[in-house]
Structures are given as structure tokens and as C-alpha cells.
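Scope of the values below: all heavy atoms of this structure, side chains included, with no hydrogens, waters or symmetry mates.
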There are 2 protein chains.
Amino acid sequence: MIDSVDKSILKLLQSDAKLTIKEIGNKLNLSATPIFERIKRLERSGYITSYKALIDRKKVGLSLMVFCDISLNQHHASHIAKFEKDIQQFNEVIACYHIGGSFDYLIKVVAKDMDEYQNFVSKKLASIDNIRKVQSSFVMREVKTPIGLPIN
Amino acid sequence: MIDSVDKSILKLLQSDAKLTIKEIGNKLNLSATPIFERIKRLERSGYITSYKALIDRKKVGLSLMVFCDISLNQHHASHIAKFEKDIQQFNEVIACYHIGGSFDYLIKVVAKDMDEYQNFVSKKLASIDNIRKVQSSFVMREVKTPIGLPIN
DNA sequence: TTATATTTAGAATATAATTCTATATATTTA
DNA sequence: TAAATATATAGAATTATATTCTAAATATAA
């Protein structure tokens, strides 16, 4: 189990992974050693899964972001596995969630422009059989850009 | 503009921000200085927006993840601004997108359990007037966990 | 081609991470 | 409760990394 100091460390690191151990120690009134040990423990025990640089989507030319609701025809385990394997291979798909409710999958797609997106839908997505329906929702603006998890 | 070396650096850092400058240099057959200078340039020019530690959602007790489609009643600029200001204040909401299409907003919500989620919907969301309709889609499984952007 | 700017390598320095030892704090057990 | 054990911490020492500096190499422009 983790205590409140660990939670504070998680909160700090998910907002800025470049904070030094000394800086974190200053904020939490602890010396370097306990901060260092606690971070290593959080990494080993899987609370911290990775460290990543976040990249500006539009700067790298990906002006379109789209969420697609996907409904399948067949829902047997083998069809599910097949679909998930297929969808992973498209690098336009940057996230994929299996949904319980009115449709089956929600995927997050990025593309350079509408031509590229249209190509993705009509060539790549369409190549997966077993898809019954696709509903695209275009992101006009990111109101709250992913900021990490609420940790209390 | 950025060149292919910069793109390689972006790809490496978005997959693992803990790579040292020397390690990146080894992979790209360059010495430390150019890697260092290029990273600083990518940070200054906004290609790299931040560095973050990723945290295991379930480990920190957030077993529920839900996407909500939200439709508003009023769409004047002032109503839009009001809604966006309100929605940002809920820390359960970890992302919010303004959508063009069949509904208005897509929000990503995390909660400890169904009770907490139900409380969020019926107490917090419901306190925002101007909401016409909310449709919840529960994530059963994350098939492809956000892995960063495709950079070519 | 020559001149200018840009990029790079490699050494030197500064800063941060990591390890180590000893002390303090908390927890367990008799 | 008190002693014993385990856990967490501070501070110094070490190691590794980031950062700066200088000069050479490469590319770009005149």
C-alpha cells in the first residue's frame, strides 16, 4: 500500500516528470534518499508504468483527431480477438477501448488531414470485415487536455 | 522545421522519456551535444510540451473509466464558455473534447467505483444546467493504451 | 570559389542520481 | 510496558548524467 507521501510524489511526477529528486524533497520536506527510494518502489510495484514526453499533435502535422464508435457483427471471442489484433496495426489508431453499452469499441484516431482520414476509414477500417457500423466524431477543440489521474 | 533526426528523437522520447542523451546518441549515431541541442530546441519550439510519469489507473483505485457524450441545450458562445468552465472543475473529468457532429462534448471520466460515478453524474454533472442529454459508455478494457502519436 | 552560418565532436564542468553508513522512527513481540 | 526488529530517514561519498565550452567539420549562401 502507498501512503500520502507516495501519493504526493505520484501527483508531482505525473504533472512534471523532470522534477529532480531534490526539488520533490523540498516540496515534501524530505531529503533525497527517501524520495529516491519511494520513486523506485513506485516504479517496481507498478504504480508508475512509464515516463513519456508529450508531443504537440498539431506541430507534427496531425491536424485531425477523431473518435470512432465501432459496432461489430459477430461477438464471439475469436471475432473479438481478430478485430483487436487488426485494429492495433493501424498507427493512426492511438487508443482503443472495448466498450460495454450501445456500441463495441471506441477508437481514437489522428490524421494529417481529411484526405488521410478518409483513406483510413475507407481503405484500412473497411478492410476489417465484421464491422457493422462506424460513427465518427470529429474533435473541434481539446477543452481539457489529458492531465493525468486524480489522486487523493 | 524539423528533420528526420528530430523526428527520431521525438519518437524515442515519447516512448521513454528516461532515455539518456548518451543512449539516444548511440541509437542515432551522434554524440551527446547535438542530441542535447536538438532536444532543447524541440522543447523551446513547442514540439515537446511536457514530460509526464504515467500512472496505473487501477493501482490507484480508479477501477472505472467512462466516456460520456454530452449534448447541450444552448449553443451560444457564452453558454459554451460556461459549460467548459464548469466541466473543468470536476477532477473526475480527465479529458474533454468539443465535438462537431451528433453531440457536443465527449468527456473522459474516472471513478473509484459505480457509486462514485453515479454520484458524479447525478450530483455534479446534473448541477450544470444547459445539459440536454448524457450518454455513458463504460470502458470494459483498454485494448490499445495511449502510446503517443505516429511520427513519420 | 570564398565567406558565413550551422552542426557536430570531444573535453571540461556542473548538476543530479545513486549508493552507503549511521541515526531515528515506527512496529512487533515477549 | 520494554526490548527487539524492521522500516524510514538524513547526510556524506560516489557515480552517472546533463550542460557548457572550444574547435573542427559540414552545409549554405554570396
Side-chain angles (χ1 to χ4, degrees), chain A residues 1-62 145-152, chain B residues 1-62 145-152:
Chain A
M1 241 308 144
I2 62 173
D3 64 14
S4 67
V5 175
D6 291 321
K7 288 180 182 175
S8 296
I9 292 173
L10 290 178
K11 276 191 267 192
L12 289 168
L13 287 178
Q14 85 168 343
S15 92
D16 181 8
K18 283 295 183 192
L19 285 169
T20 67
I21 286 174
K22 191 189 289 184
E23 287 170 330
I24 296 171
N26 288 153
K27 287 176 195 289
L28 305 182
N29 288 108
L30 284 169
S31 67
T33 310
I35 303 295
F36 174 80
E37 297 289 355
R38 281 167 178 272
I39 290 173
K40 290 303 158 196
R41 176 151 27 95
L42 290 167
E43 290 169 359
R44 278 196 309 272
S45 56
Y47 283 84
I48 296 173
T49 58
S50 59
Y51 296 89
K52 294 189 186 301
L54 267 56
I55 300 193
D56 188 296
R57 174 170 58 86
K58 292 180 181 172
K59 281 268 185 184
V60 294
L62 297 165
T145 176
I147 215 70
L149 301 169
I151 296 176
N152 299 308
Chain B
M1 241 309 142
I2 61 173
D3 63 13
S4 66
V5 175
D6 291 321
K7 287 180 183 175
S8 296
I9 291 173
L10 290 178
K11 275 190 269 192
L12 288 169
L13 287 178
Q14 86 167 342
S15 91
D16 181 8
K18 283 295 183 192
L19 286 169
T20 67
I21 286 173
K22 190 190 290 183
E23 286 170 331
I24 296 171
N26 289 151
K27 287 177 195 289
L28 305 182
N29 287 109
L30 285 169
S31 67
T33 310
I35 303 295
F36 175 80
E37 298 289 357
R38 282 167 179 272
I39 291 173
K40 290 303 157 194
R41 176 152 27 95
L42 290 167
E43 289 170 359
R44 279 196 308 273
S45 57
Y47 283 84
I48 296 172
T49 58
S50 58
Y51 297 89
K52 294 189 186 300
L54 268 56
I55 297 185
D56 188 296
R57 172 170 60 85
K58 292 180 181 172
K59 281 268 186 185
V60 294
L62 296 165
T145 177
I147 215 71
L149 302 169
I151 295 176
N152 300 307

Completion exercise
In whole angstroms, the gap separating P of D:dA18 from CD1 of A:Ile21 amounts to 13 Å

Problem - Spacing between B:Leu19 atom CG and C:dA17 atom C1', to the nearest angstrom - result: 16 Å

Practice task
Evaluate the side-chain proximity of A:Lys59 to B:Leu42: yes if any heavy-atom separation is below 4.5 Å, no if none is.
Solution key: no

Exercise for the section: Would you indicate whether the side-chain heavy atoms of A:Thr145 and A:Leu54 approach each other to under 4.5 Å? Expected result: no

Handout entry: 5' priority, DNA chain D, between A:Val5 and B:Thr20 [closest heavy atom]
Key = A:Val5

Handout entry: Side chain to side chain, B:Leu10 and B:Ile2, heavy atoms closer than 4.5 Å
Key = yes

Practice task
Report yes or no: does A:Lys52 contribute a side-chain atom to a donor-acceptor pair with the main-chain N or O of B:Ser15 at less than 3.5 Å?
Solution key: yes

Practice task
Write down the distance between NZ (B:Lys22) and C1' (D:dT17), rounded to a whole number of angstrom.
Solution key: 8 Å

Problem - Within residues 23-46 of chain A, residues whose heavy atoms come under 4.0 Å of DNA chain C - result: A:Thr33, A:Phe36, A:Lys40

Exercise for the section: Using a cut-off of 6.0 Å, state whether more than 12 heavy atoms not belonging to A:Lys22 lie near its atom NZ. Expected result: no

Problem - Distance, nearest 0.5 Å, that separates CG of B:Asn152 from CG of A:Leu62 - result: 8.0 Å

Practice task
For residues A:Leu13 and A:Ile24, determine if any side-chain heavy atom of one lies less than 4.5 Å from a side-chain heavy atom of the other.
Solution key: yes

Exercise for the section: Quickly work out the A:Lys18 NZ to C:dA17 C1' distance and round it to whole Å. Expected result: 13 Å

Handout entry: Watson-Crick or G-U stems involving DNA chain C, each at least 3 pairs long, distances under 3.5 Å, ordered by first number
Key = C:1-30 with D:1-30

Exercise for the section: Could you check if a side-chain atom of B:Tyr47 sits within less than 4.5 angstrom of a side-chain atom of B:Asp6, using non-hydrogen atoms only? Expected result: no

